[in-house]
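Here's the structure, in structure tokens; my notes come after.
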Protein chains: 4
Amino acid sequence: MDKKEQIIEVATKLFAKKGFENTSISEVCETAGVSKGLIFHHFKSKNGLLREIFSRTTNDIKKNNLTHKAENPYQILSLLLNSFFEQLKKDSTFLQLNVSVISQPTTREIVKDLIDERAALIFESTKKIFNEIDPINSTIRSYMFIAELDGIALNYLSIFNDFPIEEIKSELIKKYIQQ
Amino acid sequence: MDKKEQIIEVATKLFAKKGFENTSISEVCETAGVSKGLIFHHFKSKNGLLREIFSRTTNDIKKNNLTHKAENPYQILSLLLNSFFEQLKKDSTFLQLNVSVISQPTTREIVKDLIDERAALIFESTKKIFNEIDPINSTIRSYMFIAELDGIALNYLSIFNDFPIEEIKSELIKKYIQQ
Amino acid sequence: MDKKEQIIEVATKLFAKKGFENTSISEVCETAGVSKGLIFHHFKSKNGLLREIFSRTTNDIKKNNLTHKAENPYQILSLLLNSFFEQLKKDSTFLQLNVSVISQPTTREIVKDLIDERAALIFESTKKIFNEIDPINSTIRSYMFIAELDGIALNYLSIFNDFPIEEIKSELIKKYIQQ
Amino acid sequence: MDKKEQIIEVATKLFAKKGFENTSISEVCETAGVSKGLIFHHFKSKNGLLREIFSRTTNDIKKNNLTHKAENPYQILSLLLNSFFEQLKKDSTFLQLNVSVISQPTTREIVKDLIDERAALIFESTKKIFNEIDPINSTIRSYMFIAELDGIALNYLSIFNDFPIEEIKSELIKKYIQQ
DNA sequence: TATGAATGAGAATTCATTCAT
DNA sequence: GATGAATGAATTCTCATTCAT
């Protein structure tokens, strides 16, 4: 069993549940059943561990992007929306980790470059879709599409206890796919 | 000048710039030129200080809401969008504080009830507007409107360095006000 | 009883006996009967504590210098040599602390400016003496006199177990005072 | 190139530049391009590495002593002083390592026996010289000669930034060789 | 209302050393 | 001879909080 992977797995869960700043290395160690020193051996620092986790998520996004080479932009949008809402329900704490890391000044600074990389990646792949639907306004529509999804995530995860996620999903599908 | 107000002012700025968890009481004291004891005298705890700051923002929103008793829902939307984008540009760090407090599990817990209160407030005043525009779908449209703005704030403040805020604003005005 | 003074007293003894790098803050605290936090409250860091101790010694030297306003340079030299050998025998560990702080790269860096200040102080007061004895060569004779005493201290404290300190003292008195 | 030699070379430089206590085995490994395990394989412990370095210097001194079998004690003194001042200028950090190891309680303890051995060696070879110059006072003159040189080294290396090393050298030559 | 000395629990990090390979 | 994952004890330092004044 790979201890490095185990640390990453445990840390991801704890960071997601309690926030990065409020999860101590000690807690990660105890939960993962490894010594404190090992974390610093593998990741150099707590920040290094966060970076590793953050960049792995980006890599997952990359892989996902490569997967759907559907012919139809509407098909891609459909897949994308479905997987987005799926993750929102299943992986909620994990998504929350990403939002909180990005929005908190200190953690933001730690993964600054990785945020830029990921943002560019998401923007490009979104724009590729809208280029086929509405080439003239594809830039602005991409930004708005991304913002809309992020806003939905933020409100669902952190603001409203009774956010009508299913209806919102229907609405979005209506708006973007069925004209 | 009132020392209590001074503490709140300084703490707001520091929490916004460095995050709540990464700002120590000591730093607030030194910057505000008061003693440590005084903060605990006035706010009972560091969490108490955060709650005071957070609820003051809610009060500001309340006051703002009372102000615009325009006849026309489109006029209200227009005012609302304008002040939103205005604040986004002028008060960016302050808005970021609100997002980060809300999205981080630990701080979220501290102001849980205040978030609920504020969310209800914002939802109600938004719904009042959409009730006049599209009564049947007013609930879903309110949620989507709020999510859209939050998403724009998040992307502008924390994700894209070159987010086309002016074009997004035009687009929203086009979408919500000029049909 | 002043806890700050107590910390300084205990730390001086421990640093002298075990060396700065090998004395932990915990040990200082336990011995002094204060909490860990208090050291950082008063001295900001372990390095700050060392600086405080080092500069106090310089202050002692300053005070000592002001004292002997003997008319005769040979009288001053005599007093000086006597107190030097006296300290060498009584305060040996304390002198060793000074030598080790000065000669170790890391600790040296910490008190760099204080070493410079002290060196200038000692050189000036030595030169004042030799100016009256041999004005033309006073500079070089001052440097040699200081080096000689330091070398004796180093050899007595750290190198030879059977360094003939009394005979060395007689020899120096013969050399510098009785022509 | 022999990895063991490489380790010694790198460690000597690092210990000299940063002090023994402030140089970690990890740093030695990285700089030398070897694994951690290898150091413990060759030297048993970090202390063992220091002892190896320290005793090699003693060996160098031994070899040097064997070399000059001049007939004239003044010739030997001359050679000795020249090589001393030469080393002071060229090998300053290395000499500083020796002084700092000797004067710091912890490191002193580690090489205690080696210091004694080296001190005896230096004393004996110095006394052999003074035996020919002034047999009656040779002991005390040897101690003073050694102390004088050590004091000069200490002051030049660690105390005065503008120590007049050249003039001091001339003075010593005048004092010990030209009457 | 206001101060700041004092606390103590807990944080991240370092580091010599071991050992299976 | 050579590697590097793994350990665990120790280290410096931070920080919210209390309390006598």
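Counting only heavy atoms from C-beta on, His42(C) has its side chain closest to dA5(E) among dA5(E), dG1(F), dT18(E). Distances from the side chain of Lys36(C) to the nucleotides dA6(E), dA16(F), dC13(F) place dC13(F) closest. Set against dA11(E), dT1(E), dT7(E), the side chain of Leu38(C) has dT7(E) as its closest nucleotide. Listed candidates were dG8(E), dT17(F), dG8(F). Nearest to the side chain of Ser35(C) is dG8(E).
Remark: Arg118(B) is positioned above the aromatic ring of Phe54(B), its terminal NZ or CZ atom under 6.0 angstrom from the ring centre and at most 45 degrees off the axis.
Rounded to whole Å, atom P of dT18(E) lies 16 Å from atom CZ of Phe43(D). Taking atom CD of Gln6(A) as the reference point, atom C1' of dT7(F) lies 16 Å away to the nearest angstrom. Atom-to-atom, CZ of Phe40(B) to C1' of dA16(F) comes out at 5 Å; the value is rounded to the nearest Å. Rounded to an integer number of Å, the gap from Leu49(D) CG to dT17(E) P is 11 Å. Between the NE2 atom of His41(C) and the P atom of dT3(E) there is a distance of 14 Å, given to the nearest Å. Atom CD1 of Ile39(D) is separated from atom C1' of dA16(E) by 11 Å (rounded to the nearest Å). Distance Glu27(B) CD to dT17(F) C1': 18 Å, rounded to the nearest Å. In this structure, Lys46(B) places its NZ atom 15 Å from P of dT18(F), rounding to the nearest Å.
A donor-acceptor contact shorter than 3.5 Å links the side chain of Lys46(C) to the backbone of Phe20(C). A distance-only check finds a donor-acceptor pair linking the side chain of Gln6(A) to the backbone of Ala32(A) [under 3.5 Å]. No donor-acceptor pair closer than 3.5 Å links the side chain of Arg108(D) to the backbone N or O of Val101(D).
Looking at which nucleotide of DNA chain F each of Ser24(B) and Ser26(C) is closest to, the 5′-most match is held by Ser26(C). Nearest-nucleotide mapping onto DNA chain E: of Val34(B) and Phe20(A), the residue sitting toward the 5' end is Val34(B). Heavy-atom nearest nucleotides on DNA chain E were determined for Gly37(A) and for Gly37(C), and the one closer to the 5' end corresponds to Gly37(C). Where Lys44(B) and Lys4(A) meet DNA chain F, the nucleotide closest to each residue was compared, and Lys4(A) sits on the side nearer the 5' end.
Pair assignment for dA9(F) gives dT14(E), based on Watson-Crick or G-U wobble hydrogen-bonding distances that are each under 3.5 Å. Across all strands shown, the partner of dA20(F) is dT3(E), judged by Watson-Crick or G-U wobble contacts whose two distances both fall under 3.5 Å.
OP1 or OP2 of dT7(E) lies within a sub-4.0 Å distance of a side-chain N or O belonging to Lys3(C).
As judged by a 4.0 angstrom heavy-atom cut-off over every strand, Ser45(A) is placed among residues touching the sugar-phosphate backbone only.
You'll find the side chain of Gln104(C) reaches within 4.5 Å of the side chain of Glu21(C), heavy atoms only.
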